[in-house]
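Just so it is clear, the values below take in all heavy atoms, side chains as well, and ignore hydrogens, waters and symmetry mates.
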Amino acid sequence: MRLTVKVGLGLAALVGVMYLFAFPTRTYLEQRRDIVGVEQTISVLKAENAKLAAEGWALQDNSTIEQIARQEYGLVMPGQQAFMVLPSPAAAPAQVQKTAEHRPWYAPLEFWDRL
């Protein structure tokens with residue numbers, strides 16, 4: 001019986017050591033890994049924030065706003081004229097002919113056209 005009691009106390013001590021050291025250590029290591037991931041996310045967000053702040057400061061300048069209006073929206077200043085470059089005329093008839101030949105899939109089913 002004494003051997004059983006000693007084994008039982010030894011197992012209890014081992015379980016106690018696991019609760020005191022192993023489980024907290026595992027939790028500590030998981031938290032450190034999470035902290036590293038969050039710090040990386042924060043650094044990426046700070047870089048994005050700095051980029052957006054610089055863009056915001058650039059948008060305070062009228063010349064930047066004018067450049068964006070011209071490039072992205074095709075706007076012109078009062079008194080100016082905007083011009084567009086169209087495709088060459090040789091390419092246009094081929095496209096028109098191709099669309100004229102196209103018939104919808106239900107065209108053979110239209111019996112009222114035959115009446």
Table please: side-chain donor-acceptor pairs of residues 30-49 below 3.5 Å, with sequence neighbours left out.
from: Arg32; atom 1: NH1; to: Tyr28; atom 2: OH; distance (Å): 3.1
from: Thr41; atom 1: OG1; to: Gly37; atom 2: O; distance (Å): 3.0
from: Ser43; atom 1: OG; to: Gln40; atom 2: O; distance (Å): 2.7

*State which residues pass side chain to side chain contact (heavy atoms under 4.5 Å, CB included) with Val76; sequence neighbours excluded, sorted by chain then number.*
Gln80, Ala82
*Kindly write out the residues that satisfy side chain to side chain contact (heavy atoms under 4.5 Å, CB included) with Val7, not counting sequence neighbours, or none if the list is empty.*
Leu3, Leu11
*Going by the salt bridge (Lys or Arg N to Asp or Glu O under 4.0 Å) test, which pairs reach into residues 20-29, not counting sequence neighbours?*
none
*Would you please name every residue forming a side chain to side chain contact (heavy atoms under 4.5 Å, CB included) with Tyr73, sequence neighbours left out?*
Ile68, Leu75
_Contact summary for Ile65 and Leu59, nearest pair of heavy atoms_ = CD1-O, 3.1 Å
*Which pairs, with at least one residue in residues 53-74 and sequence neighbours excluded, count as a salt bridge (Lys or Arg N to Asp or Glu O under 4.0 Å)?*
Glu66-Arg70
*To the nearest 0.5 Å, how far apart are CG in Leu14 and CG in Leu9?*
12.5 Å
